Amino acid sequence: MIAQEQIPTVLDHPVYDTEGKKIGDAKHVFLDDATGRPEWVTVKTGMFGTNESFVPIKDASVVSDHLEVPYSKDRVKGAPHVDVDGGGHLDASEEQRLYEYYGIAWDEAWQRANEPGDRGWARGDGDGTAGAAGTAGTPGMTGTDDTAAPLGDAMTRSEERMHVGTEEVETGHVRLRKYVVTEEVQQTVPVRHEEVRVVREPITDANRGEALSGPEISEAEHEVTLHEERPVVETRAVPVERVRLETDEVTEEETVTGQVRKERIEIEGEDTGVARDPGDGLGR
């Protein structure tokens with residue numbers, strides 16, 4: 001358990017779980033109404049810090065510039081929701097629900113609260129409550145439970161308000177993978193080749209000397225080498241484009257449905273002739 005003088009070291013500082021994972025940042029410390037000792041700490045969780053979870057501070061410890069609690073990150077994030085803005089006070093039913101969630105026996109907590117020198121909670125109208133310290137060094141704010149109770153000649157009517165936040169979760173993975181395929185490619189290329197053509201020339205005065213240079217009657221051979229071009233295929237790798245992945249943030253409207261409780265006040269007895277606003281929740 002931390003002391004009151006350590007509250008400035010805790011507020012707005014990181015909170016880590018049993019495995020050394022960061023859960024979030026500490027935002028409020030709730031004090032015991034009777035002893036003034038720190039009882040609970042609220043931790044902002046979620047990608048954008050939209051959720052706030054209660055954690056018992058009894059077995060927590062301040063290490064350097066952060067707070068360590070003996071619970072896992074998932075357990076803290078799954079704690080029962082309690083409205084932190086509900087008057088800066090934690091009523092008995094909410095506190096008992098949190099004790100049960102964290103495995104702390106309510107009867108044992110009650111006995112410790114009534115032992116001399118140990119922690120306890122205020123005994124006002126019959127419900128144990130713990131107050132909140134919203135800023136460093138300030139004592140817990142006292143308050144009443146969220147039930148309608150007569151206050152002199154007036155009665156307080158309360159109602160629940162729904163607060164909706166967002167949490168970022170993984171929906172899938174997209175990756176780029178490069179692989180090789182082989183395709184048939186056709187391309188026309190001109191090729192040349194040589195062909196034999198027989199040329200016969202009559203004997204003229206111009207070629208008579210060459211024609212009569214050899215023997216009159218003989219055998220002879222003359223050979224010509226033929227050539228042709230053939231296509232040759234050669235491949236070269238050249239860069240053609242760059243491909244990468246980018247994400248675009250798209251905002252959509254989504255309707256969230258929840259249930260909230262509202263108190264209604266009835267007037268019983270003889271008609272007093274008091275005019276009422278039809279929307280004030282009063283009825284007979």
Side-chain angles (χ1 to χ4, degrees), residues 9-28 41-55 60-85 101-102 134 160-197 223-260:
T9 309
V10 172
L11 292 177
D12 295 322
H13 284 74
V15 179
Y16 288 82
D17 68 359
T18 53
E19 299 179 356
K21 297 179 181 178
K22 182 180 177 181
I23 304 173
D25 294 329
K27 287 302 177 184
H28 297 87
V41 61
T42 64
V43 185
K44 284 281 190 179
T45 61
M47 182 62 67
F48 302 103
T50 54
N51 300 322
E52 197 162 353
S53 302
F54 276 76
V55 188
S61 57
V62 177
V63 180
S64 184
D65 62 343
H66 66 270
L67 182 70
E68 292 185 0
V69 296
Y71 304 101
S72 67
K73 181 177 181 178
D74 291 339
R75 182 159 191 154
V76 173
K77 292 178 66 175
H81 175 73
V82 177
D83 187 5
V84 178
D85 299 325
Y101 175 77
Y102 284 103
E160 294 178 337
R161 300 291 173 86
M162 186 169 70
H163 299 274
V164 180
T166 60
E167 180 181 8
E168 185 170 301
V169 298
E170 289 187 1
T171 58
H173 296 273
V174 178
R175 66 172 60 89
L176 287 176
R177 182 172 64 88
K178 185 170 68 172
Y179 59 96
V180 178
V181 297
T182 302
E183 297 180 350
E184 293 288 338
V185 178
Q186 292 185 348
Q187 184 174 341
T188 302
V189 58
V191 292
R192 297 177 299 173
H193 68 277
E194 295 177 340
E195 294 181 352
V196 174
R197 178 169 49 86
E223 183 178 294
V224 177
T225 301
L226 301 178
H227 299 85
E228 69 177 10
E229 292 179 338
R230 294 182 179 178
V232 177
V233 177
E234 179 185 1
T235 61
R236 297 176 184 175
V238 295
V240 293
E241 66 176 349
R242 298 276 296 170
V243 181
R244 67 176 181 270
L245 291 176
E246 293 183 350
T247 60
D248 295 326
E249 187 174 280
V250 180
T251 302
E252 298 178 345
E253 296 291 335
E254 186 170 334
T255 302
V256 178
T257 303
Q259 293 183 344
V260 295

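If you're wondering where the values come from, they're calculated on a predicted model, not measured in any experiment.
- A distance of 8.5 Å separates CD in E19 from CG in D74, rounded to the nearest 0.5 Å.
- Among all heavy-atom pairs drawn from A79 and S53, the shortest one is CB-CB, 4.4 Å.
- In this structure, R230 and V191 approach most closely via the heavy-atom pair C-CG1, 4.4 Å.
- Nearest heavy atom pair, residue V196 against residue L226, reads CG2-CD2, 3.4 Å.
- With values rounded to the nearest 0.5 angstrom, I23 atom CD1 is found 12.0 Å from R75 atom CZ.
- Side chains of L67 and V43 form no contact here, defined as non-hydrogen atoms less than 4.5 Å apart.
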Can you check salt bridge (charged side-chain N to carboxylate O under 4.0 Å, His left out) on R197 and E195, steps first, answer last? CA-CA 7 Å; R197 178 169 49 86; E195 294 181 352; over 6 Å; no
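- Within a 6.0 Å radius of CD in E228, more than 12 heavy atoms belonging to other residues, nucleotides or ligands are found.
- The CG atom of L11 sits 9.0 Å away from the NZ atom of K27 when rounded to the nearest 0.5 Å.
- For the pair E167 and K77, the minimum side-chain heavy-atom distance is below 4.5 Å.
- Between the NE2 atom of H193 and the NE2 atom of H227 there is a distance of 13.5 Å, given to the nearest 0.5 Å.
- Listed here is the closest heavy atom pair of P80 and Y101: CD-CG, 3.5 Å.
- Shown here for E52 and T42, the closest heavy-atom pair between the two residues is OE2-OG1, 2.7 Å.
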Apply side chain to side chain contact (heavy atoms under 4.5 Å, CB included) to V189 and Q187, showing your working. CA-CA 7 Å; V189 58; Q187 184 174 341; 5.8 Å; no
Going through the checks in order, is the side chain to side chain contact (heavy atoms under 4.5 Å, CB included) test met by V41 and H28? CA-CA 6 Å; V41 61; H28 297 87; over 6 Å; no
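- The list of side chain to side chain donor-acceptor pair (under 3.5 Å) pairs with a residue in residues 233-244, not counting sequence neighbours, reads R244-E246.
- Taking CD of E160 as the start and NE2 of H163 as the end, the distance is 10.0 Å to the nearest 0.5 Å.
- Among the candidates D17, T18, V15, the single residue satisfying the side chain to side chain contact (heavy atoms under 4.5 Å, CB included) test with K73 is D17.
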